[in-house]
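The block underneath contains the structure these notes are about, expressed in structure tokens.
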Amino acid sequence: MKPFVIAVVGPTAVGKTSLSIEIAKRFQGEVISGDSMQIYKGMDIGTAKITKEETEGIPHHMIDIKNPDQAFSVADFQLLVRHHMEDILERNKLPIIAGGTGLYIQAALYGYNFSEQKRDEGFHMQIEEEIEQKGIETVFARLQEVDPEQAKKIHPNNKRRVIRALEVYETTGMPMSEYQANQQQESDYQPIFIGLEMDRELLYQRINQRVDQMMEQGLLQEVKKLYDQGLEQAQSMKAIGYKEFLPYFKGEASLESSVQLLKRNSRRFAKRQFTWFKNKLNVEWYEITPEQKQQKFEIILSDLAGMLDKK
């Protein structure tokens with residue numbers, strides 16, 4: 001029988017971290033962070049990284065494993081998360097993936113084969129040169145021609161992802177969107193997806209409050225430290241919570257406008273997360289309110305006990 005893996009998903013600021021700890025305590029589990037940015041050391045406040053006290057003694061994995069100047073791909077994530085899941089299962093514990101990036105979680109749990117998509121350094125350099133000479137707009141227009149579906153998912157200025165999508169097209173002979181759609185949808189595990197959702201207005205209010213709290217905790221100083229290390233172009237600094245302050249440091253925007261931009265980007269990201277999980281995965285959804293959070297968690301834990309027992 002395939003082993004169980006729990007994935008706690010949903011938009012940012014909805015309560016996934018605390019639920020994952022409750023599940024771990026109840027079912028002898030260990031938590032794997034599904035967040036592609038919590039892997040970076042020194043990026044604590046902006047990624048809402050769990051503190052040692054907040055773990056309540058539950059082992060957490062995939063946190064603080066990379067320096068912020070290092071690149072990290074979905075294929076890297078898949079490999080490491082699978083290693084942790086196997087290790088946890090070998091110790092007769094329950095793996096629990098908490099929150100994070102939809103594609104990364106899906107890749108870890110299902111049979112996405114990234115090994116066939118080897119990097120083509122020559123092609124990469126060629127596109128880099130073309131961008132230098134003609135601008136990113138020309139290269140993005142080419143992506144729109146060969147893979148309009150993938151182009152819709154990528155910001156025109158996201159050079160790394162634009163190049164990667166074109167690279168996949170060149171090396172596999174098919175658009176990245178088609179390549180991903182054709183990936184094996186069987187899993188080596190029995191994944192159970194628990195989704196948390198919240199009234200939209202209430203969620204947005206919580207996101208705004210969370211940003212204000214992050215600022216009080218020293219988010220600006222955290223980003224400035226990374227900026228002063230010359231990491232402006234690093235992959236890690238493309239994250240929400242960090243990129244919004246770069247114009248402020250360069251004297252191109254006020255601090256107030258940067259904070260408002262962060263709130264807006266965080267709200268939009270929450271909406272995208274929710275839509276992605278709704279459309280891509282078979283999730284058991286539970287609506288959460290701050291007042292009844294603990295009661296709802298008890299319902300989830302009870303339902304989960306039934307799922308683990310039946311399957």
Side-chain angles (χ1 to χ4, degrees), residues 1-11 14-36 38-39 50 55-56 58-63 73-116 179-197 273-288 296-311:
M1 195 169 95
K2 294 178 182 178
F4 291 111
V5 176
I6 309 298
V8 181
V9 303
V14 79
K16 300 184 296 292
T17 299
S18 50
L19 176 60
S20 65
I21 290 170
E22 292 293 322
I23 294 171
K25 288 195 291 188
R26 182 72 62 93
F27 299 103
Q28 292 191 310
E30 296 186 12
V31 176
I32 301 169
S33 169
D35 190 301
S36 60
Q38 290 188 356
I39 60 163
I50 193 168
T55 66
E56 297 187 39
I58 299 296
H60 278 63
H61 308 276
M62 296 293 288
I63 294 174
S73 70
V74 62
D76 296 328
F77 181 87
Q78 180 192 56
L79 194 67
L80 285 172
V81 169
R82 288 193 162 212
H83 165 76
H84 285 300
M85 288 194 292
E86 292 303 323
D87 176 58
I88 292 166
L89 289 164
E90 278 178 20
R91 290 184 280 107
N92 293 315
K93 302 282 189 180
L94 178 67
I96 302 154
I97 300 177
T101 315
L103 175 64
Y104 281 61
I105 294 172
Q106 192 178 34
L109 291 172
Y110 292 89
Y112 281 9
N113 182 3
F114 295 98
S115 61
E116 294 174 10
Y179 183 89
Q180 290 177 347
N182 289 340
Q183 289 289 329
Q184 177 189 350
Q185 285 301 300
E186 273 295 309
S187 178
D188 294 330
Y189 310 95
Q190 288 192 73
I192 298 176
F193 294 97
I194 302 295
L196 300 184
E197 56 184 333
Q273 277 182 304
F274 185 65
T275 303
W276 198 98
F277 285 117
K278 281 274 189 183
N279 293 337
K280 297 283 187 181
L281 298 171
N282 183 23
V283 178
E284 294 281 339
W285 289 99
Y286 296 85
E287 183 158 353
I288 298 290
K296 189 57 65 85
F297 278 11
E298 285 301 323
I299 292 169
I300 293 169
L301 292 169
S302 175
D303 290 350
L304 198 47
M307 293 178 206
L308 291 169
D309 190 44
K310 284 179 192 172
K311 293 194 177 189

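Aromatic ring pairs are classed by plane angle as parallel below 30°, tilted from 30° to 60° and perpendicular above 60°; the pair F193 and Y110 is parallel.
Within the 3.5 Å criterion, the main-chain N or O of T275 finds a donor-acceptor partner in the side chain of N279. No side-chain donor-acceptor contact under 3.5 Å links K16 to the backbone of G195. In this structure, Q190 contributes its side chain and K2 its backbone to a donor-acceptor pair below 3.5 Å. Counting only distance, with no hydrogens or angles, the side chain of Q78 and the backbone of A107 share a donor-acceptor pair below 3.5 Å. Listed for the S33 side chain is no donor-acceptor partner under 3.5 Å among the backbone atoms of I63.
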Open item on the list: Applying side chain to side chain contact (heavy atoms under 4.5 Å, CB included) to L281 and W276, what does each step give before you reach the verdict?
Closed with: CA-CA 8 Å; L281 298 171; W276 198 98; 3.9 Å; yes
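For D303, there are no salt bridge (Lys or Arg N to Asp or Glu O under 4.0 Å) partners, not counting sequence neighbours. The ring pair (Phe, Tyr, Trp, His ring centres under 6.0 Å) search around H84 returns H61, not counting sequence neighbours. Looking at residues two or more places apart in sequence or on another chain, you find a salt bridge (Lys or Arg N to Asp or Glu O under 4.0 Å) between K25 and E22, E56. Residues meeting the salt bridge (Lys or Arg N to Asp or Glu O under 4.0 Å) test with E287, sequence neighbours left out: none. Applying the salt bridge (Lys or Arg N to Asp or Glu O under 4.0 Å) criterion to E298, with sequence neighbours excluded, gives R26. Qualifying side-chain contact (heavy atoms from CB on, under 4.5 Å) partners for K278, counting only residues two or more places apart in sequence or in other chains: E197, F274, W285.
Annotation: side chain of P95 is not in contact with side chain of Y189 (no heavy-atom distance under 4.5 Å). Between M62 and F77 the shortest side-chain heavy-atom distance falls below 4.5 Å.
Considering V31, V81, D35, I6 as possible partners of I97, the one that fulfils the side chain to side chain contact (heavy atoms under 4.5 Å, CB included) test is V81. Tested against E30 for a side-chain hydrogen bond (donor to acceptor under 3.5 Å, both in side chains), the candidates R91, H60, K93 yield a single pass: R91.
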